[in-house]
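The chain is numbered in sequence order, starting from 1.
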Amino acid sequence: MANFYTDNESLKHHLNHPMMDKIVELKERNFADADKYDYAPQNFADAMDSYDRVLEIVGDICANIIAENAEDVDHEGPVVKNGHVEYAEGTAKNLEACRKAGLMGMSMPRKLGGLNFPITPYIMAADMVSRADAGFENLWGLQDCAETIYEFANDEQKEKYIPRVCQGETMSMDLTEPDAGSDLQSVMLKATKKEDGTYVLNGVKRFITNGDSDIHLVLARSEEGSKDGRGLSMFIYDKRNGGVTVRRIENKMGIKGSPTCELVYKDAPAELVGSTRMGLIKYVMALMNGARLGIAAQSVGISEAAYREALSYAKDRKQFGKAIIEFPAVAEILSTMKAKLDASRALLYACSRFVDMYKIYDDIAKERPLTKEEKTEQKYYSRLADAFTPLAKGMTSEYCNQNTYDCIQIHGGSGFMKDYTCERLYRDARITSIYEGTTQLQVVAAIRHVTTGTYLNKIKEYEAEQVHPEDEAIKNTLVFMTQQYADAVQAVMGVDDKGFQDFMARRLVEMAGHIIMGYLLLEDVQRNEAFRKSLEVYVKYGQAQVAQHASFIGNFRPEQIKDYLYTEEPKTEEAEA
């Protein structure tokens, strides 16, 4: 039988990264649960075996159930009946399979019904689910919202809701509104505090993924008269209590199995999470970072599917008496797709490991004071997670779109037809660079790590690592690219013009991304020769991109910026008259 885990050696490669030793030891608190739960690991090898076995189950369900249902789900989609969502038949089957296999609440503690997995193997599961059906990943992956409840809710709320998620209930994050998309501080859904201290919610939410879920995290305005982010708080809404109806499901371009809903809140009972006024400032930012890592995993899964579809078609399709994969023009596309895929996955799991480290230390800090060394390490990984999350989301989603484009290109006219999977992949991919923060917003989040040197410092750490003698030439290329990047940063930041700096921000972030992804692939090759071709292709590709950005920045005069910024057209005398 097919299996999306065992047929993809790169997943096991990243699961067995050397950092996992420390991640597992910290996550398991030196395996303190071994005597409390019969499924808790006794040691590191036992834990890794557990991850391996569960991921194999995920791979089986993805290949033989979720992927098999994907086409029918895409055609059927969900519908609204009596104010609530009814999933497509295939979606319901997918959810039931995941529930029966115990694949909900994977990262939650055992005492709350979870598997206590680190983020990294959970993200690997998301990678595989996305390869099978990106739309279903939006339902299954929203279990990650339980992380926010675990981090910020009180003990009573944790014990009330997290076990329900682990048993298979679904979640959603209700953030955006008709007039508040990326600008979440404009949210106006009203939270009113009653005399008994409880809250009710009134208003409308739009573009809510899996909007008729069992448990909602809701951003609402709790402070009367406020108009910015300081007046927003986070709430839990329980579908069992009623008060929310689905007005409609959006008719989307892709991810059609995932119901994107417009919701009407009418005196819906809700529970405050944490403190008032911290909803956007603290809780949503944590929620969004987790979601962005999830979209990076979704992007890598779609890229994997696109590459495999393109490779398979190129081997089978014959033109002029031979398979089209034998034509250099097609081989060039495939080699670049594979390099982007492997580079994307390397960045994704580097990021997930950084997130694992800082989240585990945060959790330990709730149990006991951290040592000085632990505090230093927690701060280090927190900064890296903050820097790598927007980089991963931005780069992997753009490559996802490029790979699905190239997949269709290899299929030619057939790829434009709904008879082929690549047509659905192309539609599903487009949203990845838009939701949970557009690529442009990822640049806004990432640019401060360009200006403060987070990326350059990490690049220098990679540069200091030893490599095989045969890899010195590639390393020297990356060193040269790093100097081009450092010079470009100095050239842009040396100009006292915020508009000019913002105009060049995307190029600087991408330059950092290309160098980091090159080093990560170089690191992969030190442990596994299977990545060598992708390393060689990607560094050449990245070298060209970095040189292009450096040239653009070097040849652009700061005073030209006013010619490229679109502002309101001046009124003519005729218009004034």
Anything under 30° is parallel, anything over 60° is perpendicular, the rest tilted; go ahead and classify Tyr420 against Tyr313.
->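 Correct class here is perpendicular.
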
Determine whether a donor-acceptor pair (N or O, by modelled atom type, separation under 3.5 Å) exists between the side chain of [X] and the backbone of [Y].
| X | Y | value |
| --- | --- | --- |
| Asp60 | Asn3 | no |
| Asp428 | Gly254 | no |
| Thr432 | Ala429 | yes |
| Gln442 | Gly437 | yes |
| Gln143 | Leu103 | yes |
| His411 | Cys407 | yes |
| Ser352 | Tyr349 | yes |
| Arg110 | Tyr39 | no |
| Ser275 | Met278 | no |

4.5 Å side-chain heavy-atom contact, [X] and [Y]:
| X | Y | result |
| --- | --- | --- |
| Met108 | Cys166 | yes |
| Pro121 | Val54 | no |
| His216 | Ile236 | no |
| Leu11 | Leu55 | no |

Does a side-chain N-to-carboxylate-O contact under 4.0 Å join [X] and [Y]?
| X | Y | value |
| --- | --- | --- |
| Asp212 | Lys239 | yes |
| Glu76 | Lys256 | no |
| Arg99 | Glu169 | no |
| Arg206 | Glu250 | yes |
| Lys205 | Glu177 | yes |
| Arg308 | Asp7 | yes |
| Lys338 | Asp342 | yes |
| Lys418 | Glu71 | no |
| Asp33 | Lys111 | no |

Do [X] and [Y] meet the criterion of a side-chain donor-acceptor pair at a distance under 3.5 Å?
| X | Y | result |
| --- | --- | --- |
| Thr6 | Glu56 | no |
| Glu398 | Thr439 | yes |
| Asn69 | Asn94 | yes |
| Arg292 | Thr389 | no |
| Gln298 | Asp127 | no |
| Tyr381 | Asp356 | no |
| Asn210 | Ser213 | no |
| Asp214 | Thr170 | yes |

Counting only heavy atoms not in [X], do more than 12 fall under 6.0 Å of its [atom1]?
| X | atom1 | value |
| --- | --- | --- |
| Arg248 | CZ | yes |
| Lys190 | NZ | no |
| Lys366 | NZ | yes |

Once you round to the nearest 0.5 Å, how far does [atom1] of [X] lie from [atom2] of [Y]?
| X | Y | atom1 | atom2 | result |
| --- | --- | --- | --- | --- |
| Leu384 | His449 | CG | NE2 | 9.0 Å |
| Thr91 | Glu86 | OG1 | CD | 11.5 Å |
| Ile408 | Glu423 | CD1 | CD | 6.5 Å |
| Tyr307 | Ile410 | OH | CD1 | 9.0 Å |
| Cys351 | Met395 | SG | CE | 13.5 Å |
| Met106 | Cys98 | CE | SG | 10.0 Å |

Can you spot which of Tyr265, Phe235, Tyr237 makes a ring-ring contact (aromatic ring centres under 6.0 Å, His included) with Tyr199?
->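 So, applying the ring-ring contact (aromatic ring centres under 6.0 Å, His included) to Tyr199 and each of Tyr265, Phe235, Tyr237, only Phe235 qualifies.
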
Closest approach of Thr396 to Lys393 (non-hydrogen atoms, all atoms of both residues) =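 Answer, listing the atom of Thr396 first, then Lys393: OG1-O, 3.7 Å.
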
Give the intermediate values and the outcome of side chain to side chain contact (heavy atoms under 4.5 Å, CB included) for residues Asp386 and Tyr358.
-> CA-CA 10 Å; Asp386 191 56; Tyr358 100 82; over 6 Å; no

Check Leu189, Leu263, Asp174 against Leu201 for a side-chain contact (heavy atoms from CB on, under 4.5 Å) and give me the one that passes.
->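 It is Leu189, the one option of Leu189, Leu263, Asp174 that forms the side-chain contact (heavy atoms from CB on, under 4.5 Å) with Leu201.
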
Could you check Leu232, Thr192, Leu280 and say which one makes a side-chain contact (heavy atoms from CB on, under 4.5 Å) with Arg221?
->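 When Leu232, Thr192, Leu280 are each tested with Arg221, the side-chain contact (heavy atoms from CB on, under 4.5 Å) holds only for Leu232.
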
Tyr122-Phe117 aromatic ring centre distance below 6.0 Å |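 No; Phe117 has its ring centre 6.0 Å or more from that of Tyr122.
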
Using the six-membered ring of Tyr51, assess whether NZ or CZ of Lys27 lies under 6.0 Å from its centre and within 45 degrees of the ring axis.
->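 Lys27 over Tyr51 ring: no.
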
